[in-house]
2 protein chains.
Amino acid sequence: MRADAQRNRARILDVARTVVEEQGTQASLRDIARRAEVGMGTLYRHFATREELLEALLGSRFDRLAARAGTLEATRPPAEALEEWLREFAAGAATYRGLAASMIATLEDDASSLHASCMAMREAGARLLARAQEAGHIRPDVDGTDLFALFSAVASIADVAPSIAARRDHLFALVMEGLVSRSR
Amino acid sequence: MRADAQRNRARILDVARTVVEEQGTQASLRDIARRAEVGMGTLYRHFATREELLEALLGSRFDRLAARAGTLEATRPPAEALEEWLREFAAGAATYRGLAASMIATLEDDASSLHASCMAMREAGARLLARAQEAGHIRPDVDGTDLFALFSAVASIADVAPSIAARRDHLFALVMEGLVSRSR
DNA sequence: ACCTGAACACCGTTCAAGT
DNA sequence: ACCTGAACACCGTTCAAGT
């Protein structure tokens, strides 16, 4: 990559981080280009879609969270590992406004650049879920998609309604309760 | 109201119903005006905000659901009344794509034309919740806002991801499980 | 009193023209 | 190779001009 291209790419990512922090994952791409002092075409050349930009911004976080599931699986009892992972997942989903919604969109759209890293992360969580189910802690009629859907749903609504954001943890706890086996 | 104004209003509402059915609550207002064969100014004269239009489209549904809570309270045992009402609430939230999200937005925005009717409906649900709590069926640490947040969250995510829409009922059931008292 | 549609300020996306 | 910025097709919202 040419040196000026490299510089532009870095500038765009830098500015994008700030703008997404301010406006959420639906931030204006035009605004990002403007503030990076770069033509629209340059932004599109480096990131052909909004999802490519988000992947560059967030992909490593998803990878880290996927790896984290492996660590927790090796070091903690099943129920505790799952709960801790979900706590970290929820915290990650709150990184940027709209992120939970972007992750949900990824479910349907396997052309999305966020698809692969999100799926890997979901699958890592699903393994912790399966382990907790084998240990009898979690209802057997729940799968990884249910888990992801419920936690993402609560995260995405909290993004949109600040008054609900205040009770995020409580809502996560209530959802968690619903997944726990009745007879232990 | 002048006769032509009355006709225009009716036309707009008619077309809006169709377009919102097609595109969801975020439907293009321009498109509605176009298809109603009416100037943009006319649409704005009759419905100053998108929420006013939605209220005209949906207000009576909310009122009906609020009234339904009273009926259920009078005719069914507490737990059953709450569950049935939530079932109907969830079905209503699925009327239009984006409706659950619009209702959630209403929480923060008390200037919204949907605010009053939504709040009345939520309060009706909250009364059923309180009754089920007094009967010991539902955890005491849940309030009407929790109830609304959780069910709306699941409804709104199902709007966005068809693959999740298929398991709506299952997700509602899981959430419901989380609200039920452990010791009965 | 009410209606129309152009005007304005924004998008996202594409692409001819430049270096 | 890469960049620029105008062009295009859309928005929502407002408002002068018409009837």
Side-chain angles (χ1 to χ4, degrees), chain A residues 1-16 18-57 96-98 101-102 105-106 108-109 111-114 160, chain B residues 1-16 18-57 96-98 101-102 105-106 108-109 111-114 160:
Chain A
M1 188 152 54
R2 235 164 59 177
D4 56 341
Q6 192 124 27
R7 259 198 320 275
N8 278 333
R9 206 191 130 90
R11 272 186 79 75
I12 291 167
L13 274 175
D14 246 33
V15 170
T18 308
V19 176
V20 170
E21 206 160 319
E22 287 172 16
Q23 308 180 15
T25 59
Q26 288 309 311
S28 159
L29 298 180
R30 244 194 162 79
D31 200 25
I32 293 173
R34 215 155 25 211
R35 286 161 68 166
E37 291 172 317
V38 137
M40 280 304 290
T42 303
L43 190 150
Y44 271 89
R45 160 171 275 264
H46 287 287
F47 306 100
T49 63
R50 164 175 253 113
E51 283 73 30
E52 263 184 48
L53 183 56
L54 289 175
E55 169 66 20
L57 236 44
Y96 298 123
R97 203 154 22 99
S102 295
T106 268
E108 303 298 312
D109 179 13
S112 163
S113 305
L114 282 167
V160 163
Chain B
M1 187 154 51
R2 235 164 60 177
D4 57 341
Q6 191 123 26
R7 259 199 318 276
N8 278 333
R9 207 190 130 89
R11 272 186 80 74
I12 291 168
L13 274 175
D14 246 33
V15 169
T18 307
V19 176
V20 170
E21 207 161 317
E22 285 172 18
Q23 309 181 14
T25 58
Q26 288 309 313
S28 159
L29 298 179
R30 244 196 162 79
D31 201 26
I32 293 172
R34 216 155 25 212
R35 286 161 67 166
E37 291 173 316
V38 137
M40 280 305 291
T42 303
L43 190 150
Y44 271 88
R45 160 169 277 263
H46 286 288
F47 306 100
T49 63
R50 164 175 253 112
E51 283 73 31
E52 263 183 46
L53 183 55
L54 290 175
E55 169 66 20
L57 236 43
Y96 298 122
R97 202 155 24 99
S102 294
T106 269
E108 302 300 311
D109 180 13
S112 163
S113 305
L114 281 168
V160 162

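Note that the structure is predicted; figures quoted are calculated from it, not measured.
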Going through the distances and angles, do B:V20 and B:L53 end up as a side chain to side chain contact (heavy atoms under 4.5 Å, CB included)? CA-CA 10 Å; B:V20 170; B:L53 183 55; 5.8 Å; no

Should A:R11 and A:D14 be marked as a salt bridge (charged side-chain N to carboxylate O under 4.0 Å, His left out) after you check the CA-CA gap, both sets of side-chain angles, and the distance that decides it? CA-CA 5 Å; A:R11 272 186 79 75; A:D14 246 33; over 6 Å; no

Before you tell me yes or no, could you show the steps for B:R50 and B:Q26 under side chain to side chain contact (heavy atoms under 4.5 Å, CB included), namely the whole-Å CA-CA distance, both residues' side-chain angles and the distance that decides it to 0.1 Å? CA-CA 9 Å; B:R50 164 175 253 112; B:Q26 288 309 313; 4.1 Å; yes

Mind running side chain to side chain contact (heavy atoms under 4.5 Å, CB included) on B:D4 and B:R7 for me, showing each step along the way? CA-CA 5 Å; B:D4 57 341; B:R7 259 199 318 276; 3.6 Å; yes

Residues B:I32, B:T18; criterion side chain to side chain contact (heavy atoms under 4.5 Å, CB included); working and verdict: CA-CA 9 Å; B:I32 293 172; B:T18 307; over 6 Å; no

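Of all heavy-atom pairs spanning A:Q23 and A:R35, the tightest one is NE2-NH1, 4.4 Å. Closest approach of A:S112 and A:E51 over heavy atoms only: OG-CG, 3.3 Å. Of all non-hydrogen atoms in A:L29 and A:M40, the two that sit nearest each other are O-SD, 4.3 Å. Minimum interatomic distance between B:E52 and B:F47 (heavy atoms only, all atoms of both residues): OE1-CA, 3.7 Å.
What separates CD of B:E37 from P of C:dT4 is a distance of 10 Å, to the nearest Å. As a whole-Å value, the separation of B:F47 CZ from C:dC2 C1' is 15 Å. Per the geometry, CG belonging to B:L43 stands 15 Å off P belonging to C:dC2, to the nearest Å. Atom CZ in B:R9 sits roughly 18 Å away from atom P in C:dA1 (whole-Å rounding). The CD1 atom of B:I32 sits 13 Å away from the C1' atom of D:dC11 (whole-angstrom rounding). For the pair B:R7 CZ and C:dT4 P, the computed distance is 11 Å after rounding to whole Å. When the P atom of D:dT19 is taken as reference, atom CZ of B:R2 falls 13 Å away, rounded to whole Å. What separates CG of B:D4 from C1' of C:dA1 is a distance of 8 Å, to the nearest Å.
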Report each atom pair, protein N/O against N/O of nucleotides 13-17 of chain D, whose distance is under 3.5 angstrom.
| from | atom 1 | to | atom 2 | distance (Å) |
| --- | --- | --- | --- | --- |
| D:dT13 | OP2 | B:Y44 | OH | 2.4 |
| D:dT13 | O5' | B:Y44 | OH | 3.1 |

Under a 3.5 Å cutoff on both atom distances, Watson-Crick or G-U, what's the dot-bracket for DNA chain C ([ ] crossing, | other strand)? ||.|||||...|||||.||

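Out of C:dA1, D:dC3, C:dC11, the shortest distance to the side chain of A:R45 is found at D:dC3.
Using a 4.0 Å heavy-atom criterion, one finds that B:A3 contacts no nucleic acid atom at all.
Between A:N8 and D:dC3, a side-chain N or O to OP1/OP2 separation shorter than 4.0 Å is present. For the pair B:S28 and D:dC10, the criterion of a side-chain N or O lying under 4.0 Å from OP1 or OP2 is not met. Side-chain nitrogen and oxygen atoms of B:H46 include none within less than 4.0 Å of the OP1 or OP2 phosphate oxygen of C:dC2.
Nearest-nucleotide positions on DNA chain C for B:Q6 and A:A27 put B:Q6 closer to the 5' end.
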